[in-house]
Every structure is written in structure tokens, then in C-alpha cells.
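We name chains A, B, ... by the order of the sequence lines, and we start the count at 1 in each one.
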Protein chains: 2
Amino acid sequence: MAGPIPLRARDRARAEVMSELLAAARARLESEGSAALSLRAVARDLGMASSAVYRYVPSRDALLTLLIIEAYDAVGEVAEKAAGSGSDPAQTWLEVARAVRRWALDQPYSFELIYGTPVRGYRAPDDTVRAAVRLWGVIIGLLMRAAGEGVLAPTGPDFDPAGRMAPEALATAGWTDPDEVPDEIARIAVRSATLFTSLVGAISVELFGHLHHVAQDYARFFDVTIATSAAGVGLRISLD
Amino acid sequence: MAGPIPLRARDRARAEVMSELLAAARARLESEGSAALSLRAVARDLGMASSAVYRYVPSRDALLTLLIIEAYDAVGEVAEKAAGSGSDPAQTWLEVARAVRRWALDQPYSFELIYGTPVRGYRAPDDTVRAAVRLWGVIIGLLMRAAGEGVLAPTGPDFDPAGRMAPEALATAGWTDPDEVPDEIARIAVRSATLFTSLVGAISVELFGHLHHVAQDYARFFDVTIATSAAGVGLRISLD
DNA sequence: TGGGAAACGAGAGCAGTGCTCTCTGCTGTG
DNA sequence: CACAGCAGAGAGCACTGCTCTCGTTTCCCA
């Protein structure tokens, strides 16, 4: 295993151009959305020929993929930070949800990029999975902590968890044999998706305009949606 | 008020071309998605010059808008049909959700068109609102019936409904003065959004690939998500 | 029964896109 | 110091949405 190869001048130049490229692309994404993100425009912003960009990025979709990973990481970090401070799992979940919503409102096009319609011809490469998983980690962590503290009281229906979770997901959590996972744990894992869904759903619905003429105070409306779903999962959030 | 003007030959021809145009556009939408829907391609399918299409549709976005209305109406009809047959409101909601999911899986691009990332530069014209409201109508109807039958027992948190709903929405339901709406009704209206969100969210999350490597049996996973959220709203769905 | 206006369709053209290919310099290394 | 490899530029292809112009057809009304 050789140590890190010293960066020669050319490599440093390359890394620098690459980061300028990403910065320019991110700027255009935030201001105009992914559909309007054109490789040629980014090249113009950098003062280089469009063909030169292809030395750094194999295609427009690949550039978008890099931005997708950045966005997953950003939202994951926001969630982790919001989860770190709280004590009561239920109220902490509300804080996490609020933080993610705020992030989404601040950079709507980044949210769209990852949770909206997938980019045509795009197939999530493994790089994105690692980043995408961070938000799930926060949710599962909260639920496990709540279960450990004995404050998890789901009001949703009971169900047989067998065959609902993908084995890979359970393997990630440490259970190699899906049959060995206690039903209680498996049920929590399945229910965690309800939190994830309500979060992504509530933000999408608001951001994509489906609450237009329906809700008035969007922030408080959001809180109700999150808290109502969370009750089914077992987290009792109190509002107001 | 003059009666319907008799359709002259030219009008009939125009209507026919228009419907062929829509059919061709729908076909391309279903097979390749909205991003790849090109007006020129549709024109080629019809054997006409691309410029001629502009006699019928002012722009590509306007053509998409027509397809959006169609999609809203289709999903609304699916929901209404599914709601019509059931008796128990809770189980009926599960059936409605399942029916909408099935519709979305059958025509994913239509679902994306209305509930995914909005088309750039698109601002919902009033025509779409009427169609978009149909699904909301089904949800509110179910909740009102449940409340009337006394089987609505929300486990989600209590909250002050004031200022959360948009006055327009309450006006549509018959209350001209927002202050006159009973709190109980207003709370139901706010909570109805949780059902809407869980439905749209659960389908989006599945369709857009966020359950890849997470869920195994997607249909049963979906049921849990819907039922768990519904418990918070007050509909007790039993699974299995 | 004409004549004129409106509608229709075709074609060329503009500005933009993603992407490829070729050509020219510059860089780093044996 | 020479040579391989790399960065960048530019032209070009096929495609897009959209506009403008030009004949042709259709309809309505005098």
C-alpha cells in the first residue's frame, strides 16, 4: 500500500479546475434547476471551450451525479447535526424534519435533484448510495434510541415484518441472517420508512406546489403532517 | 346563450387532429417520459411538419399541460372509483391508496408528470386545479364520513387549526367565513393533508428508487406506510 | 356565385443543446 | 533533451423549441 502520491503541479491544476467546475455547476443548478443545467453554459462560466469540459467529466449526466452526491451529503449532514443536539427522540425527530425542510426550501433545486423525478437515463451508481444512506441512519438511530428508552408506542397497525425489508438493509445493520432479526427490530425498520416517506412527501408536496390554495401557514402545516405520521410510528410529538 | 354551434368540416378536422396530437404525445410520454417528449418527434409521428403543430398548441409546455390535466383526471377517477365501493372508511382508504399506487406503477411517467419535479417554467393554470382537486375530494369525503360514523380516532397530537388552512380551501367546502369553521372540521381538513402526503410520498419514494435495497415486498411495505400514517389521522386500518 | 379573409401546412432558418473528432500547444518524465 | 501524454480549442453532427414566410385550402358573406 503506497502512501498518498504527492500531487504534482498538473494534478493540482486538475483538481483545482475540477472544483471550479463543480462550483460553477452548483451555482447554475441553484439558480436555474437541473433541467436547465447545460454543460456549455458551465463551460462559458469558466471561460473554457465546451469540449474541454469533457476532459473532466464524461457526460452531463455524470456531472449531475456528482451534484447528486453533494446534495445527499448535504442533507445527511443537516439531519445528523439536527439529531445530535436533541434528547427526547420524538421532539428530536421534529427538529430533524424541520431542519431538512429548511434546507430544502433554501436549495429547492438540490432537493428536487435527489427526491424529485430522477434524471432520465440515470442509474444510481454505488457512490450515491453511501451518501443517500445518511438520512436513513439518523431515522433508524432515533427509533432505536426511543425503543431503548421505552418511549416508542406505535399506534399504527400490527403486521408480520417477514419479507418486507430487503436483506441488504438488515445486513448493513449487522444481521447477516435475516431470519435471526427479532420481529420487534424488523418492525421498527419497516416503520422507519413511514418517517422517511412523510418527510420527503411533505417537503415534495409543499415544494412542488400541491399545497397551493390548500395550506396557509406552510411551516405549521408541515409540523402537523410530520407529527401525525410520527404518532403512527410511535413517536409522540407535542405541538404549539 | 346560443346552443352548440354545429361543427363544420374544418372544426371537425381540427378536433380530430388535436386528439391525434394528444394521443401521439401521450404515447411518447408513456414510453419515454416527459423530459424526452419532443414536439418534433410528435409531429413526425403524425407525419406533419413541426411548425404545423404550433397551429394547435402554442408551445411544448402547453402540450405538457394538457397531458397534466389528463393525468390528474385519470388519477382522480381511479381514486373516486376505488372509494365508491367500500364501506368502512379506514379500509376504503387503503383500497384507494392501493388503486392510486397501481395506477402510478402502470403509468409512471404520468405520475411523475403531476407529482414529480414540476416542469420548468410551468405555472399551473386554472384548468389543472379542477382536475387536481378530485383526489383531495375523495380524501376529505372519507374523513368526513368517518367522523360522522364516529370511527375517527386520531392518535396524532392536538393542535390549534387556526391559520393553517387556506381560506380558499375552506370556501370551496362551503364556509365563506374562515372563523366560522368548527375547530373539529378544520382539524380534519389539516389532517387530510397527512393522508395525501403519505400517499404521494410513498409512491414517489418507491417509484423514484429510494426504497432500492431497503424494501423487499414493495406492495406490503406500501400498505404499512399508508396504515401507519392513517393511524395518526384517525383511521385504523388492519393489515394481513 | 364569386371574393376575400382566415386557417392550414410546409420549409427554411435561428439559437441553443450534448457530444465527438481533430488539431495544436504545453507538461512531465525517462 | 526528446518524446509520450495531456489540456484546451474549434469545427461539426444531430437534435431541440420556436419563428417567419410562403403557397394552398377552406369557409363565410355579400
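A straight line from CG of L21(B) to P of dG9(C) spans 11 Å, rounded to a whole angstrom. Atom-to-atom, CG of D45(B) to P of dT16(D) comes out at 11 Å; the value is rounded to the nearest Å. Rounded to a whole Å, the CE atom of M48(A) is 8 Å from the C1' atom of dA7(D). For Y56(B) and dG17(D), the OH to P distance is 18 Å, given to the nearest whole Å. If you take CZ of R14(A) and C1' of dG5(D), they are 12 Å apart, rounded to a whole angstrom. As rounded to whole Å, 16 Å separates atom C1' of dG16(C) from atom CG of L39(B). When rounded to the nearest whole Å, the span between CZ of R12(A) and P of dT27(C) equals 14 Å. The CG atom of D61(A) sits 10 Å away from the C1' atom of dG18(C) (whole-angstrom rounding).
A donor-acceptor contact under 3.5 Å is formed by the side chain of S51(B) with the base of dG11(C). One can find a donor-acceptor pair under 3.5 Å joining the base of dG17(D) and the side-chain atoms of R40(B).
Within 4.0 Å (heavy atoms only), L63(A) reaches no atom of the nucleic acid at all. In this structure, L46(B) reaches neither bases nor backbone, as no heavy-atom distance under 4.0 Å exists between it and the strands shown. Residue contacts for S38(B): at a heavy-atom cut-off of 4.0 Å it reaches the sugar-phosphate backbone alone, with no base atom in range. At the heavy-atom level, R60(B) lies under 4.0 Å from the strands shown only through sugar-phosphate atoms.
Nearest to the side chain of Y54(A), among dA9(D), dG11(C), dC19(C), sits dC19(C).
Although no hydrogens or angles enter the test, the distance criterion places no donor-acceptor pair under 3.5 Å between the side chain of R28(B) and the main chain of V42(B). Formation of a donor-acceptor pair under 3.5 Å by the R60(A) side chain with backbone atoms of L37(A) is found in this model.
Here the side chains of W93(A) and V138(A) are not in contact, with every heavy-atom distance at 4.5 Å or above. Side-chain contact between L66(B) and L21(B): absent, with no pair of heavy atoms (C-beta onward) separated by less than 4.5 Å.
Take the nearest nucleotide of DNA chain C for R44(A) and for R55(B): the residue whose nucleotide is more 5' is R55(B).
Under the 30°/60° scheme for interplanar angles, the aromatic rings of Y72(B) and Y115(B) are found to stand perpendicular.
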